[in-house]
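Heads up: the structure comes next, in structure tokens.
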2 protein chains.
Amino acid sequence: MPRPRQPRLTRQLIVETATALIDAEGLPAFSTRRLAAELGVRGPSLYNHFATKDEILDAVADAVTGAVDTSGFASRDWAAALLDWAWSYRRALTAHPNIVPYLAQGPGRRPAALAMADAVYGGLVRAGWPPARATHIGAALRYFVAGSALGSFARGFVEDPELYAAHYPHLRQAHRLAEHQQSVDEGAFALGLDALLYGLAAEYARTVGAVESGRPNG
Amino acid sequence: MPRPRQPRLTRQLIVETATALIDAEGLPAFSTRRLAAELGVRGPSLYNHFATKDEILDAVADAVTGAVDTSGFASRDWAAALLDWAWSYRRALTAHPNIVPYLAQGPGRRPAALAMADAVYGGLVRAGWPPARATHIGAALRYFVAGSALGSFARGFVEDPELYAAHYPHLRQAHRLAEHQQSVDEGAFALGLDALLYGLAAEYARTVGAVESGRPNG
DNA sequence: GTCTATAAGTGGATAGAC
DNA sequence: GTCTATCCACTTATAGAC
């Protein structure tokens with residue numbers, strides 16, 4: 001026999017609505033009252049499901065991180081797995097850029113972030129990278145992805161040619177960046193990621209590969 | 001209480017105190033009242049020097065960015081200049097990590113950020129990089145630096161061995177990251193930056209260098 | 001240029017009714 | 001499990017006295 005009336009709130013519904021609210025209005029605009037209003041309830045009702053506001057934010061951050069795909073580390077060579085992971089990571093964060101400053105405070109105790117770190121670190125070590133190097137690589141990629149999701153580079157420029165021409169001689173075309181925001185940001189990410197992986201592959205060949213030559217990376 | 005002979009507030013003093021306050025207590029704790037208290041005045045007095053709270057934050061962000069050294073682009077080859085710039089940029093941001101989320105929203109109209117973009121872009125173009133590529137390189141480095149300053153990777157882990165051992169097999173040593181936070185974060189940055197520059201140098205040799213062989217980069 | 005006073009509102013969170 | 005009622009510290013910003 002189902003319950004006559006379903007509870008209006010569930011943890012999942014709260015997290016989904018909180019995510020949408022943060023996406024739409026930003027982290028500073030996110031309050032328990034505002035969230036409750038969005039859910040059609042009053043503020044205090046949320047406290048039946050979460051103890052504090054930060055617990056809600058942690059759940060949102062964990063859900064965002066949970067969308068990242070690390071499966072490549074199980075089946076592909078380390079470089080291809082890093083590439084797949086970085087793009088998936090970037091997609092997950094750029095889908096919810098406003099939560100990034102909160103999320104980037106550190107993997108902390110959030111399960112999804114720890115599972116991701118575990119998969120990446122494990123995959124790199126399995127491929128032969130020394131543990132300390134694997135840590136550095138995972139962190140470096142995290143820096144790059146978080147930074148790219150944090151704030152669009154192109155978005156920072158305004159669409160007013162006059163503003164830049166006067167004082168910044170090389171930025172004469174900068175106003176055009178605003179038009180091509182997405183392709184500039186993605187192009188910069190692609191360039192940086194490719195260069196990074198190129199450099200890592202060179203170091204791998206120089207150190208790990210020289211020792212375990214002939215051993216497949218997967 | 002008699003009024004002081006000298007004005008107690010100046011824009012510079014306000015910005016310096018605001019920076020210290022944000023460093024010490026974080027962006028959410030920063031309020032005009034809290035700042036005024038720190039300066040020994042009442043909240044409204046600040047509005048004689050800045051029109052809004054955001055104007056103060058912009059001034060703080062601009063001061064932080066203003067500490068970045070881009071002089072290498074005038075005198076050194078592009079790769080060495082990028083390396084110097086990236087480290088200087090990182091030092092400036094990690095000295096004030098709590099302002100990074102605000103600062104990273106985009107270069108916007110802040111003079112110091114625009115001057116920095118101008119110097120970097122101009123230096124790269126002068127070295128022979130195609131304009132579109134120069135934009136991507138500057139943005140990619142910005143992503144990496146901002147991400148590295150935004151949140152320490154190592155800090156995210158707690159110093160409790162038991163917490164990770166159970167569920168994340170590869171993170172058995174992760175609690176040790178907390179001890180070596182600074183060296184892990186700097187090592188990850190150094191590795192990523194070197195790999196990135198290695199990859200860029202390869203592309204430069206493949207494209208620009210092939211066309212303008214023999215031309216000095218400076 | 002700093003002050004008092006105040007506007008007009010939001011914040012997270014709790015107690016206890018139903 | 002949601003409600004009403006409530007707490008009160010706190011927010012940015014303005015008006016006008018001195």
Side-chain angles (χ1 to χ4, degrees), chain A residues 1-62 98-99 101-103 105 108 110, chain B residues 1-62 98-99 101-103 105 108 110:
Chain A
M1 232 2 219
R3 280 153 85 160
R5 281 175 59 188
Q6 301 233 345
R8 286 195 249 181
L9 297 181
T10 61
R11 284 181 66 100
Q12 193 192 342
L13 181 61
I14 291 172
V15 169
E16 285 168 2
T17 310
T19 305
L21 181 57
I22 294 168
D23 288 346
E25 308 191 2
L27 209 48
F30 174 74
S31 72
T32 56
R33 284 187 147 112
R34 185 77 185 75
L35 172 59
E38 209 73 21
L39 285 158
V41 300
R42 306 299 180 129
S45 302
L46 298 171
Y47 289 87
N48 291 311
H49 304 267
F50 292 93
T52 64
K53 180 190 179 183
D54 269 2
E55 255 189 31
I56 304 178
L57 279 171
D58 278 333
V60 170
D62 208 54
N98 292 335
I99 193 72
Y102 185 88
L103 186 145
Q105 311 274 353
R110 291 192 288 274
Chain B
M1 211 62 182
R3 273 174 58 177
R5 296 171 222 103
Q6 303 271 335
R8 285 192 252 179
L9 298 180
T10 62
R11 283 181 67 99
Q12 193 191 342
L13 182 60
I14 291 171
V15 169
E16 284 169 3
T17 309
T19 305
L21 181 58
I22 294 169
D23 288 346
E25 308 191 3
L27 209 48
F30 174 74
S31 73
T32 55
R33 281 190 149 115
R34 185 78 184 74
L35 173 60
E38 209 72 22
L39 286 158
V41 300
R42 305 301 179 125
S45 303
L46 298 171
Y47 290 89
N48 291 310
H49 304 266
F50 290 94
T52 65
K53 180 190 179 183
D54 269 3
E55 255 189 30
I56 303 177
L57 279 170
D58 277 334
V60 170
D62 208 53
N98 292 335
I99 192 72
Y102 184 87
L103 186 145
Q105 309 274 351
R110 290 192 288 273

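Every chain is numbered from 1 and lettered A, B, ... according to where its sequence line falls, protein lines coming before strand lines. Being a predicted model, the structure only gives us computed values, none of them experimental.
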Does Q12(A) CD have over 12 foreign heavy atoms under 6.0 Å away?
no
When rounded to whole Å, the CZ to P distance for the pair F50(A) and dA13(C) reads 13 Å
What are the two closest non-hydrogen atoms of F50(A) and E55(A), and how far apart are they?
CA-OE1, 3.7 Å
Return the polar atom pairs (N/O with N/O) between nucleotides 8-11 of chain C and the protein under 3.5 Å, or none.
{"residue": "dG11(C)", "atom": "OP1", "partner": "S31(A)", "partner atom": "OG", "Å": "2.8"}
{"residue": "dG11(C)", "atom": "OP2", "partner": "S31(A)", "partner atom": "OG", "Å": "3.4"}
{"residue": "dG11(C)", "atom": "N7", "partner": "R33(A)", "partner atom": "NH1", "Å": "2.8"}
{"residue": "dG11(C)", "atom": "O6", "partner": "R33(A)", "partner atom": "NH1", "Å": "3.3"}

Taking atom P of dG12(C) as reference, at what distance in whole Å does atom CD1 of I14(A) sit?
14 Å
Which whole-number value in Å describes the distance from N48(B) CG to dG16(D) C1'?
13 Å
Round to the nearest Å and state the distance from L46(B) atom CG to dT2(C) atom P.
9 Å
For S45(A) against H49(A), the heavy-atom pair lying closest together
O-CD2, 3.6 Å
P44(A) side-chain proximity, nearest of dC3(C), dT14(C), dT12(D):
dT14(C)
Expressed in angstrom and rounded to an integer, what is the separation of R11(A) atom CZ from dT2(D) atom P?
14 Å
How close do V60(A) and A18(A) get, counting heavy atoms only, and between which atoms?
CG2-CB, 3.7 Å
Just the rounded figure in Å: distance from P of dT12(D) to CG of D54(B).
10 Å
Answer yes or no: is there a donor N or O on one side and an acceptor on the other, between the side chain of R110(A) and the main chain of D58(A), under 3.5 Å?
no
Is the shortest heavy-atom distance from the side chain of I22(A) to the side chain of Y102(A) under 4.5 Å?
no
Determine: side-chain N/O of R42(A) to OP1/OP2 of dT4(D), distance under 4.0 Å, yes or no.
yes
Roughly, in whole Å, what's the span from OH in Y47(A) to P in dG16(C)?
18 Å
Under a 4.5 Å cut-off applied to non-hydrogen side-chain atoms, are I56(A) and L35(A) in contact?
yes
Angle between the two end axes of the helix from dG1(C)-dC18(D) to dC18(C)-dG1(D), five base pairs per end, rounded to 10 degrees?
0°
Residue pair L39(A) / I14(A), side-chain heavy-atom distance below 4.5 Å
yes
Are any of the side-chain heavy atoms of V15(A) and D62(A) separated by less than 4.5 Å?
no
